[in-house]
Number of protein chains: 2
Amino acid sequence: MNINQILDKIHPINTSSKLKFIESFEEVSLPKNQLIIRSDKVEKSIYFIKKGIARTFSNFEDGEVTIAFGEEGATIISLKSYILNQKGYENIELLEDCELYKISVTKLQNLFSTDIDIANWGRKFAEQELIKAEQRFISNQLGTATERYLELIKKHPTLIQRVPLGLIASYLGITQVSLSRIRANIS
Amino acid sequence: MNINQILDKIHPINTSSKLKFIESFEEVSLPKNQLIIRSDKVEKSIYFIKKGIARTFSNFEDGEVTIAFGEEGATIISLKSYILNQKGYENIELLEDCELYKISVTKLQNLFSTDIDIANWGRKFAEQELIKAEQRFISNQLGTATERYLELIKKHPTLIQRVPLGLIASYLGITQVSLSRIRANIS
DNA sequence: AGAAAAATTTATCAAATGATAAAAAATGAA
DNA sequence: TTCATTTTTTATCATTTGATAAATTTTTCT
């Protein structure tokens, strides 16, 4: 998915602002398994996925939590860095070879403070992530792990093929062994 | 907490813009137990809490999920209405008599599209809610219900006094009976 | 205060998930 | 292909939480 489509999908921007916006991006290719964002430092850039898939996760005493998967069109972002300029809990790794659009947070913030169309794009971006977060939270509170798994494969059918089961389990908030058992009991 | 403090806490705005912003609010007083936002219609306003406490929840086939509590300074908002202009799953009720600041979404969107300072305030508002949502999600995935309960009383110690236990339980994603058992096992 | 209603606790049994270990299957590198 | 590694499945037992019911305590209303 190209950067023009990605930006438009979030919120349309007038032509001259969008041109300026798009010029601020740089294209990068990075290999599978690369850890592109580390929780122990403030990340200075954000990325959009042209091609490939990434995983955001947090490390804790025992084990890790998968916060999100990002497929084509999604953002690779440390919210703590982007929003609070603080190092945080977010690690992001690439699960496939990826082509990415990269922009520095500083450059982005300059655009926000000088161009009202881009500022409103930035608002819409945060708002849409917020809606997703709320929906995910509700679905997590509500159903059993089985229901959440079925919902996930319905919403993101290709994910199962592209991502190891252990990571899916950690996204669903259960162990890999439990997910395997759930899968056995479905069919 | 007055509207000036509430707005500033989210993101500072220059004096003339803020004056314009604050003039767009209306103060309203509403009684305990009032359902001020209903999931079956698009809500045309958002509110900030000057005094009191509110609860956002969703109704489903069996039971309901408490999405959030809002104390002084918090926002009472149907994200689905505010962001997508759609009716959604969010009901909001007042748990105490409340004094609120009210603004229509239309008025707010006009301010966003004409004033870059207010547009960036709107961006910061969504971003901060997003950070909260992510932190809540992680803490929910990570720990047991007991840990989440302890975390909640540490972060919002007055909440326990102000809110019935059943609602706290539904916020934690467990039944009221389970929370009672957890409390019995702590001390 | 006294009665009714609501909230909280306690108890019992069932269901879902975790922890651990081991086997089986799939993947990747030489 | 073959071997080593990783991933997935299966099995067993322990723990957590749910469902239900009943008892107790607290709150609300008159």
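The sequence lines fix the lettering, A, B, ..., with proteins before strands; numbering per chain opens at 1.
- Between the side chain of A/Asp117 and the main chain of A/Ile13, no donor-acceptor pair closer than 3.5 Å is present.
- Side-chain N or O atoms of B/Glu99 include none that pairs as donor or acceptor with a backbone N or O of B/Ile49 at under 3.5 Å.
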Do any N or O atoms of the protein come closer than 3.5 Å to N or O atoms of nucleotides 6-8 of chain C, and which pairs are they?
residue : atom : partner  : partner atom : Å
C/dT8   : OP1  : B/Leu165 : N            : 3.2
C/dT8   : OP2  : B/Leu165 : N            : 2.8
C/dT8   : OP2  : B/Gly166 : N            : 3.4

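- A/Gln128 places a side-chain N or O within donor-acceptor distance of the main-chain N or O of A/Ile10, the cut-off being under 3.5 Å.
- Side chain to side chain, B/Tyr82 and B/Glu43 fail the donor-acceptor criterion of an N or O pair below 3.5 Å.
- Residues B/Glu72 and B/Arg162 are paired through a salt bridge, judged by an N-O separation under 4.0 Å between the basic side chain and the carboxylate.
- For the pair A/Glu129 and A/Lys132, the salt-bridge criterion is met [side-chain N within less than 4.0 Å of a carboxylate O].
- Closest heavy-atom contact between B/Cys98 and B/Gly52: SG-CA, 3.7 Å.
- For the helix from C/dA1-D/dT30 to C/dA30-D/dT1, the end axes, each set by the C1' atoms of five terminal pairs, are bent relative to each other by 60° (nearest 10°).
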Only distances under 3.5 Å count here; give the side-chain donor-acceptor pairs of residues 29-39 of chain A to other protein atoms, sequence neighbours excluded, each with its distance to 0.1 Å.
residue : atom : partner : partner atom : Å
A/Arg38 : NE   : A/Asp40 : OD1          : 3.2
A/Arg38 : NH2  : A/Asp40 : OD2          : 2.8
A/Ser39 : OG   : A/Asn91 : OD1          : 3.4

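- Note on ring orientation: taking the six-membered ring where Trp is involved, the planes of A/Phe25 and A/Phe21 are tilted (angle from 30° to 60°).
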Dump the pairs, protein N or O against N or O of nucleotides 12-20 of chain C, anything under 3.5 Å, distances to one decimal.
residue : atom : partner  : partner atom : Å
C/dT17  : OP1  : A/Ala145 : N            : 3.0
C/dG18  : OP2  : A/Thr175 : N            : 3.2
C/dG18  : OP2  : A/Thr175 : OG1          : 3.4
C/dG18  : OP2  : A/Ser178 : OG           : 2.6
C/dG18  : N7   : A/Arg181 : NH2          : 3.0
C/dG18  : O6   : A/Arg181 : NH1          : 3.2

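- In this structure, a donor-acceptor pair under 3.5 Å is absent between the side chains of A/Ser170 and B/Gln141.
- Residue pairs that meet the side chain to side chain donor-acceptor pair (under 3.5 Å) test with at least one member in residues 46-60 of chain A, sequence neighbours left out, are A/Glu27-A/Lys50, A/Arg55-A/Glu64, A/Arg55-A/Thr66, A/Arg55-A/Glu93.
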What one-letter contact string describes nucleotides 24-30 of chain D from 5' to 3', where B marks a base within less than 4.0 Å of any protein heavy atom, S marks contact via sugar-phosphate atoms alone, and - marks no contact?
-------
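- Atoms OH (B/Tyr149) and C1' (D/dT16) sit 18 Å apart, rounded to a whole Å.
- Inspection of the B/Arg136 and B/Tyr171 side chains reveals an N or O donor paired with an N or O acceptor under 3.5 Å.
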